[in-house]
Student: 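Please find one structure pasted underneath; my questions will follow.
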Amino acid sequence: MSEDNGTVDTNIKIEKTQYLLKKYGIVLVLILLIIVISILSPTFLTPNNIFNVLTQVSIFGIMSLGMTLVITSRGIELSVGSVLALSGVLAASFGQLATATDKFYPNLGALPIIIPIVVALLVGVICGGINGLLIAKTGIPAFIATLGMQTIARGLALIYTGGKPISNLTPQLKFFGGKVFGVIPVPVIIYTIVIIITWILLNNTRFGKNVYAIGGNINAAQVSGVNVSKNLVMIYAYCGLLAGLAAIVFAGRTGSVHPGAAVGYESTAIAATTIGGTSHSGGISTIWGAVIGALILGVLRNGLTLLGVPAYWQQVTEGVIIVVAVVIDMRKNSKKR
Amino acid sequence: MDKDKYLLQMKNVVKNFPGVKALKGVDFNVEYGEIHALIGENGAGKSTLMKCLLGIYPPTLGDIYFQGRLIENYTTADALNMGISMIHQELNPILYRSLMENVWLGREPLNKFGFIDHKKMYDMTKELFERIEFKEDPMTLAANLTVAKQQLLEIAKAVSYDAKLIIMDEPTSALPGKEVEQLFKIMRMLKKQGKSIIYISHKLDEILEITDKVTVLRDGEFIGTDNTENMDIDKIIKMMVGRDIGEIFQKTPCEIGDSFLEVKNLSKDKFFKDVSFTVKRGEIFGIAGLVGSGRTEIIESIFGIRSYDSGEIIINGEKVVINSPTQAIEKRMAFLTEDRRMTGIFPMLDVEFNITLANIVKYQNKYKLLNYKCLKEDCNKFIDAIRIKTPSPKHKIENLSGGNQQKVLVAKWLLTQPDILFLDEPTRGIDVGAKSEIHKLISMLAGQGKCIIMVSSELPEVMGMSDRIMVVHEGRVTGILKNNENVTQELLMQYATGTNETLSMSE
């Protein structure tokens with residue numbers, strides 16, 4: 001009897017360890033990565049470099065939070081990179097120095113900072129909202145709707161600017177890419193705030209539950225009284241909003257926005273979300289996972305650079321990691337075979 | 001001697017699934033050139049038997065002889081090559097490909113360079129179609145065929161495999177009368193060519209018309225085989241039903257209140273027509289009917305899952321318009337759907353989520369954030385109250401047993417405090433213990449003055465639980481009966497098969 005209990009206890013222990021490993025394995029990967037890289041490259045763990053990594057992570061990190069909602073609802077969003085560029089050039093055109101020689105609107109004085117910010121967020125929400133409406137009302141796959149938006153938004157950005165970058169931005173706008181107290185990068189602060197907001201949104205609101213319901217079983221969601229169309233629009237609008245926010249940070253950091261900027265950022269955002277354990281079959285995700293996923297990508301990129309791996313090889317490595325992450329994820333979530 | 005007589009012999013076939021005995025020793029013999037009906041209620045074991053025959057899974061016990069040879073350990077592809085073809089109820093031709101490509105899919109004739117020989121494929125198809133008098137050009141797209149002709153396409157495919165035994169599963173369920181005749185003509189022709197057909201159908205008049213022999217299954221048991229000429233509808237029904245009603249939990253009598261839900265002349269083009277009924281508070285209103293009779297569609301339309309063309313829905317004296325489940329829930333309706341996996345559970349999410357989703361509004365505080373404390377309390381309360389067996393509220397629902405999943409869904413709807421509760425097959429696929437617990441729960445809810453509308457394929461369940469029973473046949477109400485000792489399974493079956501309409505509308 002007692003022996004039986006003993007084996008049962010060990011079994012439970014093993015199961016528990018396996019469970020924890022499955023659940024937090026991704027954190028372990030990040031820690032291992034950090035250890036290995038800091039051994040190989042002493043500069044990695046310097047405060048300067050850490051903040052540098054975090055700042056780099058912030059932009060696609062913010063986008064990957066919106067992406068988490070989209071993928072949780074069993075969708076995909078391919079237009080966030082282009083939407084960032086469109087929001088970015090529009091915001092930048094209203095955020096140039098009064099004295100700039102290359103002014104987009106030559107007769108416009110310096111506008112209050114709120115204008116470019118509202119413009120960027122609004123453009124993001126509108127693009128995302130259109131994606132959501134298309135998906136909800138016409139029933140076309142999210143892949144197609146957002147692929148269309150990817151090209152459209154990029155095209156509009158190029159039309160608006162005539163293909164030229166917009167630079168000489170105001171210090172107020174550049175603040176969003178700068179630092180406070182001389183050390184803490186503003187992008188990191190913004191990222192942190194968005195993490196908290198998105199976490200609350202996903203876990204503590206009706207909207208969040210609906211996101212999981214739609215991704216988990218869209219038919220059951222409908223029967224349970226979830227307004228699927230409305231929620232889909234909201235999901236993509238939020239994702240667009242965060243692309244707009246990322247655009248502000250992007251503009252602040254680079255000090256100039258090119259209409260061809262942020263190409264491929266959607267892949268990075270999707271990658272971060274996926275590595276973080278968000279299931280493309282819908283209904284499964286965590287916000288902290290998306291954050292860890294983004295950090296893993298950031299640390300990896302930084303580490304590979306520090307170790308002198310050529311940029312092209314970095315891309316190859318990143319691709320391999322994404323695919324491996326999804327394979328592991330699918331094995332984790334599929335029924336025991 | 002037997003070996004020469006029978007094309008197919010299935011001897012003492014037993015099939016066990018974990019926890020369920022699906023077939024309990026079935027004998028099934030088909031002669032050469034015979035049309036043999038296989039009938040029984042839902043869950044009687046017809047499909048299990050056919051799946052064993054087709055090699056989808058092997059029987060636990062028993063032997064299968066085909067053309068006198070013992071066959072075992074074979075795949076569906078092997079079965080096809082031996083000459084066993086099945087025409088499924090749900091046809092799925094490749095719509096935007098030609099008929100000939102549909103017929104020869106995966107075994108296209110090739111020329112000497114290894115490319116597809118379209119000329120040869122065309123000729124082969126033409127010859128094939130002529131043999132079964134199927135007058136279509138092989139180049140026509142499958143999408144242009146009516147359902148009846150898609151049926152014929154499937155038959156053509158079966159013949160092209162040189163099938164000796166063709167299994168037809170409810171082939172006429174989607175066919176208008178004239179096309180049924182055409183199908184029968186072809187069946188007779190195939191029979192004349194020495195082919196045998198296993199005919200699965202709920203339509204008893206058709207069975208009497210076309211088949212030579214009838215085999216009846218009930219609850220996985222072999223009830224009997226007889227020549228069709230010795231049978232009549234009453235006799236078949238008697239063989240199909242006859243389950244013991246004593247095992248079913250009976251509704252506890254309670255006070256029946258005023259009329260609450262009233263449905264007037266509800267119609268939806270091909271699904272149902274002129275459906276009218278009222279349900280009172282405290283009443284369990286059973287809806288019986290065969291699969292495809294429109295019983296599910298009726299209640300889904302009331303709940304806003306589907307639309308309806310005309311008719312009125314009146315709740316508590318007030319006419320209401322419901323276009324979506326969201327609106328139905330606002331009107332205090334709840335709907336336990338038939339297909340747990342498709343429209344019920346969120347499989348990879350936890351019990352807590354599944355219980356609270358439909359009622360999540362209730363837990364919003366003034367900042368629109370969720371109050372998890374309340375939510376968890378309610379959740380635990382229900383898990384205890386209706387005894388859901390789960391290690392914790394955070395356990396994934398897909399890891400629970402069917403009965404417990406069903407209880408979670410019941411809990412979800414009870415949490416919305418509905419006045420009207422639709423239950424579509426509330427105890428399908430769950431074990432006996434859980435079944436009676438759900439029945440107790442339903443009875444208790446009626447006792448609280450709720451209106452309960454229960455659709456079920458299981459007649460004993462309908463008869464055990466309902467105060468009144470509405471029977472639907474091909475989208476029409478053939479009777480609304482007060483449930484008393486005069487109501488028998490045979491009687492309900494007569495209404496459900498449309499063979500007894502003179503008695504209809506007794507209330």
Side-chain angles (χ1 to χ4, degrees), chain A residues 8 11-12 15-16 19-20 22-23 71-74 136 196-232 234 277-286 329-336, chain B residues 300 303-306 322-350 352-365 367-372 375 391 394 396-399 405 409 412-413 415-416 418 422 424:
Chain A
V8 168
N11 277 341
I12 289 174
E15 251 175 48
K16 208 155 185 187
Y19 171 78
L20 287 175
K22 268 186 193 169
K23 197 165 176 194
I71 297 179
T72 307
S73 76
R74 217 178 171 179
I196 295 168
I197 292 175
T198 313
W199 189 84
I200 293 174
L201 207 57
L202 202 53
N203 290 292
N204 286 63
T205 69
R206 182 188 189 190
F207 170 64
K209 295 286 172 186
N210 290 346
V211 174
Y212 280 107
I214 291 170
N217 184 344
I218 195 165
N219 297 317
Q222 205 126 33
V223 174
S224 304
V226 174
N227 186 336
V228 173
S229 308
K230 188 178 120 194
N231 280 287
L232 279 176
M234 283 165 67
T278 301
S279 162
H280 285 253
S281 338
I284 299 174
S285 66
T286 55
D329 175 66
M330 285 185 63
R331 292 172 64 105
K332 186 172 84 183
N333 289 324
S334 69
K335 279 193 178 162
K336 295 135 222 155
Chain B
E300 284 186 352
F303 191 71
I305 296 173
R306 295 164 178 268
I322 293 165
N323 292 320
S324 70
T326 317
Q327 290 172 356
I329 293 167
E330 279 165 15
K331 299 271 187 275
R332 290 188 171 279
M333 290 183 173
F335 195 114
L336 190 66
T337 54
E338 176 182 14
D339 191 331
R340 204 161 44 232
R341 263 205 98 76
M342 274 298 292
T343 51
I345 60 170
F346 298 95
M348 67 285 261
L349 294 167
D350 58 36
E352 183 182 285
F353 183 96
N354 275 282
I355 290 184
T356 51
L357 181 79
N359 205 34
I360 204 79
V361 193
K362 197 179 136 190
Y363 304 107
Q364 286 178 330
N365 63 18
Y367 308 110
K368 295 274 176 194
L369 296 179
L370 298 179
N371 179 344
Y372 268 103
L375 185 150
K394 285 287 176 197
K396 263 194 207 176
I397 192 171
E398 69 179 348
N399 296 335
Q405 290 181 5
L409 293 179
K412 158 172 123 176
W413 289 117
L415 208 51
T416 65
F422 294 95
D424 196 356

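Each chain gets a letter, A, B and so on, in the order its sequence line appears, and its residues count up from 1.
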Student: Heavy atoms only: give me the nearest B:Pro347-A:Gly216 pair and the separation to one decimal.
Tutor: CD-O, 3.9 Å

Student: Select, from A:Ala221, A:Gly283, A:Gly215, A:Gly225, the one with the greatest count of heavy-atom pairs under 4.5 Å involving chain B.
Tutor: A:Gly225

Student: So if I take each residue of residues 322-335 of chain B and look for any heavy atom under 4.5 Å from a heavy atom in chain A, which residues do I end up with?
Tutor: B:Pro325, B:Thr326, B:Ile329, B:Phe335

Student: Under a 4.5 Å heavy-atom cut-off, does chain A meet the side chain of B:Tyr367, its backbone, both or neither?
Tutor: neither

Student: Residues in salt bridge (Lys or Arg N to Asp or Glu O under 4.0 Å) with B:Lys362, at least two apart?
Tutor: B:Asp378

Student: Are A:Tyr212 and B:Leu357 packed together at the side-chain level, in the sense that at least one heavy-atom pair is separated by less than 4.5 angstrom?
Tutor: no

Student: Do B:Thr343 and A:Gln222 have side chains that approach each other closer than 4.5 Å (heavy atoms only, starting at C-beta)?
Tutor: no

Student: What closest approach, in Å, do B:Met342 and A:Asn217 show between heavy atoms, and which atom pair accounts for it?
Tutor: O-OD1, 3.0 Å

Student: Once you round to the nearest 0.5 Å, how far does CG of B:Asn365 lie from OG1 of A:Thr205?
Tutor: 11.0 Å

Student: Checking B:Phe303 against chain A: side chain, backbone, both or neither under 4.5 Å from a heavy atom?
Tutor: side chain

Student: Distance from A:Lys209 atom NZ to B:Leu349 atom CG, nearest 0.5 Å?
Tutor: 8.5 Å

Student: What part of B:Ile345 is in contact with chain A, defined as an atom under 4.5 angstrom from a non-hydrogen atom: side chain, backbone, both or neither?
Tutor: backbone

Student: Just how far is it from atom CG of A:Asn203 to atom CG of B:Leu369, taken to the nearest 0.5 Å?
Tutor: 11.0 Å

Student: What pairs with B:Phe346 under ring pair (Phe, Tyr, Trp, His ring centres under 6.0 Å), at least two apart in sequence or on another chain?
Tutor: B:Phe353

Student: Report which part of B:Ile360 has an atom under 4.5 Å of a heavy atom belonging to chain A: side chain, backbone, both, or neither.
Tutor: side chain

Student: What part of A:Ile200 lies closer than 4.5 angstrom to a heavy atom of chain B: side chain, backbone, both or neither?
Tutor: side chain

Student: Tell me every residue that passes side-chain contact (heavy atoms from CB on, under 4.5 Å) with B:Lys368, counting only those two or more places apart in sequence or in another chain.
Tutor: B:Gln364

Student: Shortest non-hydrogen contact from B:Gly344 to A:Ala220?
Tutor: O-CB, 3.3 Å

